[in-house]
Amino acid sequence: MSLRKSKIKSLAEAVADIPDGAKILAGGVHLSNTPMALVRQLIRKGAKDLEIIPTPATGLWVDMLIAADAVRKIHVSYIGLEFLGLAPNFRRAAEAGKIEVVDVDEPTIFHGLRAAASGLPFVVFPPIHLLTDLPKVSPQVYKSIVDPFTGKTVVAVPPLQPDVCFVHVAKADIYGNGLSLGGRHMEDIITKASKRVILSAEEIVDNAEFCADPTRTTIPGVLVEAVVHAPMGAWPGACPGVYDYDRPHLLEYNEMAKKNETSSYLDRFVRPHADDTAMIAALDDEHLSRLRMAR
Amino acid sequence: MSLRKSKIKSLAEAVADIPDGAKILAGGVHLSNTPMALVRQLIRKGAKDLEIIPTPATGLWVDMLIAADAVRKIHVSYIGLEFLGLAPNFRRAAEAGKIEVVDVDEPTIFHGLRAAASGLPFVVFPPIHLLTDLPKVSPQVYKSIVDPFTGKTVVAVPPLQPDVCFVHVAKADIYGNGLSLGGRHMEDIITKASKRVILSAEEIVDNAEFCADPTRTTIPGVLVEAVVHAPMGAWPGACPGVYDYDRPHLLEYNEMAKKNETSSYLDRFVRPHADDTAMIAALDDEHLSRLRMAR
Amino acid sequence: MGDYTNSELMAAAIARELSDDDFAAVGTASHIPVCALRLAQRTHAPNLWFLYGGSGALNSKAESLVEMAADFRNLAGAEYRTPLQDIIDFEFTGRFTTLFLGGVQIDRYGNMNMAAIGDYAKPKMRGPGTVGLAFTASVRKVFIYVQHHDPRLFVEKVDFISGRGHSGPEELAQHRCAWAQGPTWVISPMGVMDFETPDRRMRLRSVHPGVTVADVQAKTGFELAITGDVPTTAPPTAEQLQIIREIDTSGVLRR
Amino acid sequence: MGDYTNSELMAAAIARELSDDDFAAVGTASHIPVCALRLAQRTHAPNLWFLYGGSGALNSKAESLVEMAADFRNLAGAEYRTPLQDIIDFEFTGRFTTLFLGGVQIDRYGNMNMAAIGDYAKPKMRGPGTVGLAFTASVRKVFIYVQHHDPRLFVEKVDFISGRGHSGPEELAQHRCAWAQGPTWVISPMGVMDFETPDRRMRLRSVHPGVTVADVQAKTGFELAITGDVPTTAPPTAEQLQIIREIDTSGVLRR
């Protein structure tokens with residue numbers, strides 16, 4: 001009898017073979033459940049020329065990767081820092097023409113990912129996008145076609161398939177099963193849409209915890225290639241049910257980013273450490289525990 | 001200050017204004033969580049000419065409605081009695097040409113409902129259906145079109161929008177929030193796809209029970225028009241987490257159906273009672289409690 | 001300004017436009033609309049449902065008004081955790097009766113821009129992106145909500161159409177969903193606007209207490225339609241104010 | 001037949017064809033395949049994943065083998081409750097490596113019919129419907145599993161193609177998903193078949209103990225390909241049998 005294989009990897013191992021130029025998606029919504037540990041490791045690794053397929057409303061991780069010169073192209077629905085406003089590095093790079101921007105929107109990214117998840121060649125929308133300027137600036141994305149059932153004009157939109165997606169959860173087991181405590185956002189869709197799925201988790205728990213109530217599991221392990229134990233892995237964003245976002249740190253990030261000093265930020269917080277374990281250990285413990293207690 | 005309205009209705013009130021000829025969908029998978037109480041009430045009401053949009057794998061409720069002469073047309077993916085084999089009334093009616101059959105399949109019904117749920121004009125499949133005889137017998141459903149992104153042949157399939165759907169759950173509150181204990185099957189999709197949603201529930205619980213853990217809620221009340229308290233409402237099928245299917249009764253149904261005696265079955269079990277409350281009261285209490293204990 | 005703040009006034013003014021059969025949704029930076037929605041639920045609209053942005057909370061009863069719509073604490077007391085799948089479906093099918101939206105530019109027809117200011121190829125200001133603004137053509141009504149009022153925001157013509165307002169009636173007739181009515185109200189710190197004019201141009205519906213029609217016009221980059229005397233936005237009643245403060249436990253609307 | 005039943009033999013024979021990297025799915029009437037999948041997991045394929053039909057259970061560890069795949073008790077010990085959405089996505093995208101399918105008619109190329117026997121317009125026998133058989137062209141491999149073996153089931157040519165086997169190579173090349181290999185094995189109470197012939201006709205791979213090649217051919221409505229001596233299906237080992245009986249606590253495979 002053989003033994004079932006563990007999918008546990010270190011942060012560095014998990015991102016080691018992500019090639020430059022890969023299409024990357026990091027899950028989460030705004031500052032909630034974003035797999036920052038994996039994103040930071042990409043920065044430490046010196047990733048280049050990435051094509052970013054973001055979730056429809058996000059920003060911090062993209063802004064940081066842009067500052068680290070890791071981004072070539074980005075599909076944009078909403079890239080911002082939510083209550084903090086615009087994402088400074090994204091804004092600067094886009095205004096300077098340093099990154100290729102594909103302007104799309106929430107349904108285009110969502111349904112593009114869903115089409116990839118479902119194996120559908122493309123998606124068809126009612127023609128509401130023809131009332132916007134999106135088809136003018138992104139004609140490769142929006143194609144008017146005729147509905148064969150009604151004869152009406154509709155809009156076809158292509159599938160979006162990331163090469164790799166990162167998802168952060170509160171709990172995972174060694175076989176890749178994952179549980180997000182904040183409920184399902186769109187992790188079910190992005191994990192199916194992506195060629196490879198890397199999961200980071202606050203805590204690694206026994207498989208029996210998932211088997212005790214399979215209706216709770218939010219990510220089935222069968223889709224997951226690697227599991228990384230990453231406590232505070234969504235910091236300085238929030239991990240629902242585990243800790244709040246780190247408001248003072250986010251303000252500091254934003255101030256530095258506005259002043260075009262994100263590289264200093266990275267040199268101070270991210271790059272000196274081999275991985276996130278060392279980085280988190282270097283942070284003020286009392287401050288972090290206040291975030292954890294906040295619920 | 002006004003008060004929030006209760007959506008509670010009696011079985012009879014809930015189905016009263018469903019017109020003959022309506023497109024009906026009853027949720028559940030095979031003999032699990034099928035809203036039989038609502039279906040039986042449709043039979044008591046003498047519904048006619050219904051167009052059945054079934055879930056992709058179901059049978060008992062359709063077989064019973066066909067025996068009650070309530071069906072004009074049916075979209076077929078799988079109509080059978082699972083481990084009991086073919087659905088006798090469906091088989092007879094289809095062989096005799098008494099009902100209009102639209103042969104489709106699991107993905108066609110599923111994605112048709114999903115398109116209606118998502119407001120999409122149609123769905124596009126890779127051309128695998130061209131390798132089957134479905135496009136020959138259902139040319140109104142499967143239309144070959146050209147993918148504007150790749151130039152390849154793909155297959156367009158239309159949306160499916162029920163006029164009314166029935167969904168059965170273990171628990172509901174008076175505002176329409178529902179909880180299925182067996183997890184999510186496709187109730188999320190059918191409730192969004194349908195013009196009207198009628199929920200039946202084993203138990204009506206306080207709204208606070210849903211508010212205590214919103215990630216558990218499987219049906220949001222905002223989609224629901226009416227809530228019916230229907231204990232044993234999935235009988236003789238199972239209600240996950242509440243009771244098992246009634247094997248002896250299903251065998252009896254099947255035997256009678258095979259002998260073309262379903263009308264006698266209905267006269268014995270369904271029609272003599274004004275509604276399901278009276279019907280369930282007339283059943284052997286001890287037998288039913290054994291089903292309930294079985295988990 | 002009396003014993004209420006301008007934010008509290010705006011919350012009360014928004015609440016007044018909401019109906020008992022509404023199903024509303026808000027996005028980022030929305031504590032004023034959320035307060036309005038909860039106020040409406042607790043007064044004239046107990047059957048109103050609302051989605052609290054990225055948190056997915058349906059009918060949130062969060063302990064306080066927070067700065068981040070996606071904050072998971074907004075799930076407190078909610079009835080359902082709405083996945084993004086449902087949100088987008090509700091947006092496409094028009095189940096949302098009222099969507100709160102905004103922009104970095106808004107013009108006289110309620111067209112909204114969130115993508116870029118200036119020449120698209122070399123923008124003066126790159127915005128965050130179009131997000132859900134295309135749904136202006138598929139939800140029933142849109143409530144434009146902005147946190148400031150100046151001529152750079154309210155412009156003669158938007159540089160990019162992210163969300164289509166009332167311009168181009170022929171195109172609207174052709175491509176907008178049958179049930180969609182487009183932008184219906186605009187609320188800013190200066191007043192309430194609507195589009196109740198024959199050609200659906202933005203009209204000044206009321207000015208907030210202490211603000212004149214001339215003040216608003218001076219801060220608006222196009223000519224506002226005026227029909228008759230412009231009333232003053234009604235201040236919150238004592239009852240409304242009490243409920244607002246029960247909802248806004250941390251006093252963010254009083255800052 | 002010795003100290004094991006034909007059903008137990010079939011379970012062991014199926015298990016032998018499964019791999020450690022398989023992701024399999026079964027539908028209705030599938031206690032033999034489910035037993036085989038769990039047997040494989042407990043012997044040579046601990047990393048195999050399987051979906052237990054309508055219950056949505058992924059890697060079920062149900063207390064016993066039940067007659068209904070959709071039985072919610074199959075969720076016992078499972079790792080995930082797979083919604084139908086995921087199942088259909090796994091079917092379309094080829095994530096399922098092995099799908100267990102059957103039919104009311106099966107022909108020499110592994111074409112399967114579940115819709116109607118006879119003239120479609122006036123069928124002699126109306127079947128339950130095509131369900132997931134079109135996915136024969138999108139999953140990696142198909143394991144055809146049938147509970148009986150007779151010439152009415154194994155026919156010269158199916159009256160309706162619900163699931164496409166290996167007939168029409170040009171059409172297959174055009175429309176089948178690149179990764180799909182179509183029907184790979186057939187198991188019946190009489191033997192194991194495959195399609196390892198130059199023209200992908202059904203070949204007799206092994207006969208179950210006590211069954212001859214002539215027996216199988218006599219019960220098959222078309223000529224089976226035979227290559228060399230047809231071996232006897234290997235009986236379950238003592239270890240396999242012990243595990244089978246640990247899985248099949250209520251003895252449905254012993255009936």
Side-chain angles (χ1 to χ4, degrees), chain B residues 28-33 55-57 59 76-87 90-97 101 103-108 110-111 114 125-134 136-137 153 181-186 188-189 238-241 244-245 247 294-295, chain D residues 27-29 31 53-57 66-73 75 80-85 87-88 91-92 104 111 113-116 118 120-138 158-164 167-168 171-172 174-177 180:
Chain B
V29 51
H30 287 297
L31 294 161
S32 195
N33 254 349
T55 54
V76 173
S77 158
Y78 172 94
I79 301 295
L81 301 182
E82 230 250 14
F83 65 93
L84 293 171
L86 302 174
F90 163 65
R91 180 184 171 177
R92 251 190 317 271
E95 288 171 6
V101 168
D103 257 300
V104 288
D105 70 349
E106 180 182 62
T108 307
F110 178 85
H111 278 286
R114 197 175 77 164
F125 288 168
I128 61 170
H129 287 83
L130 300 181
L131 296 169
T132 74
D133 283 337
L134 290 173
K136 282 175 209 154
V137 302
T153 299
L181 295 175
R184 192 164 58 97
H185 188 67
M186 64 173 298
D188 51 340
I189 293 164
C239 182
D244 280 347
Y245 57 94
R247 195 173 201 283
R295 207 190 183 174
Chain D
T28 55
H31 34 269
S55 72
V66 297
E67 60 196 348
M68 185 165 92
D71 197 317
F72 65 91
R73 286 170 303 188
L75 284 169
Y80 178 63
R81 199 296 182 202
T82 322
L84 187 57
Q85 171 76 80
I87 297 173
I88 288 179
E91 288 172 321
F92 250 131
V104 295
N111 293 310
N113 172 13
M114 282 276 276
Y120 179 79
K122 223 180 151 21
K124 261 195 299 197
M125 199 280 266
R126 170 68 225 192
T130 284
V131 223
L133 269 74
F135 291 126
T136 305
S138 61
V158 295
D159 294 327
F160 186 100
I161 297 181
S162 295
R164 180 66 159 261
S167 66
E171 266 191 312
L172 285 172
Q174 211 182 340
H175 299 312
R176 195 161 74 170
C177 295

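Letters A, B, ... are given to chains in the order of the sequence lines, protein chains preceding strands, and every chain is numbered from 1.
- Pairing each heavy atom of Glu95(B) with each of Arg126(D), the nearest pair is OE2-N, 2.7 Å.
- Across Cys239(B) and Phe72(D), no two heavy atoms sit closer than the pair O-CE2, 4.1 Å.
- At least one donor-acceptor pair under 3.5 Å links the side chain of Arg164(D) to the backbone N or O of Leu131(B).
- Between the Asp105(B) side chain and the Gly132(D) main chain, no donor and acceptor come within less than 3.5 Å of each other.
- Using a distance-only test at 3.5 Å, with no hydrogens or angles considered, a donor-acceptor pair links the side chain of Glu82(B) to the main chain of Ala69(D).
- Rounding to the nearest 0.5 Å gives a distance of 9.5 Å between CD of Glu67(D) and CG of Leu31(B).
- Taking CG of Asp244(B) as the start and CZ of Arg73(D) as the end, the distance is 4.0 Å to the nearest 0.5 Å.
- Minimum interatomic distance between Cys177(D) and Ile128(B) (heavy atoms only, all atoms of both residues): SG-CG2, 4.0 Å.
- Atom CD in Gln174(D) sits 8.5 Å away from atom CG in Leu130(B) (nearest 0.5 Å).
- For chain B, the option among Ala116(D), Gly129(D), Pro83(D), Ser55(D) with the highest count of heavy-atom pairs below 4.5 Å is Pro83(D).
- Counting heavy-atom pairs closer than 4.5 Å to chain B, the top-ranked of the candidates Ile87(D), Leu133(D), Thr28(D) is Thr28(D).
- Between the side chain of Arg91(B) and the backbone N or O of Met125(D), no donor-acceptor pair lies under 3.5 Å.
- Contact of the Pro128(D) side chain with the Ile79(B) side chain is not registered, since no non-hydrogen atoms from C-beta on lie closer than 4.5 Å.
- The OG1 atom of Thr132(B) sits 6.0 Å away from the CZ atom of Phe160(D) when rounded to the nearest 0.5 Å.
- Per-residue counts of heavy-atom pairs under 4.5 Å with chain D were compared for Pro107(B), Ala94(B), Ser32(B); the largest is that of Pro107(B).
- Within the model, atoms CD1 of Ile189(B) and CG of Leu84(D) stand 7.0 Å from one another, a figure rounded to the nearest 0.5 Å.
- Side chain to side chain, Asp133(B) and Tyr120(D) fail the donor-acceptor criterion of an N or O pair below 3.5 Å.
- For Arg114(B), the part sitting under 4.5 Å from any heavy atom of chain D is the side chain, from C-beta outward, and nothing else.
- Proximity to chain D is limited to the side chain of Leu86(B), based on heavy atoms less than 4.5 angstrom apart.
- Between chain B and the residues Asn113(D), Ile161(D), Leu172(D), the most heavy-atom pairs under 4.5 angstrom are made by Ile161(D).
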Problem set entry | side-chain contact (heavy atoms from CB on, under 4.5 Å) between His129(B) and His175(D), worked out | CA-CA 8 Å; His129(B) 287 83; His175(D) 299 312; over 6 Å; no
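- Contacts between Leu84(B) and chain D at a heavy-atom distance below 4.5 Å are absent for every atom of the residue.
- Proximity to chain D (any heavy atom under 4.5 Å) is restricted, for Ala238(B), to the side chain, taken from C-beta onward.
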For this session: Take His111(B) and Phe92(D), measure what side-chain contact (heavy atoms from CB on, under 4.5 Å) needs, and give me the verdict at the end.
Result: CA-CA 12 Å; His111(B) 278 286; Phe92(D) 250 131; 4.0 Å; yes
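- The heavy-atom pair separating Asp103(B) from Ala115(D) by the smallest distance is OD1-CB, 4.2 Å.
- Heavy atoms of Ile88(D) lying under 4.5 Å from chain B belong exclusively to its side chain.
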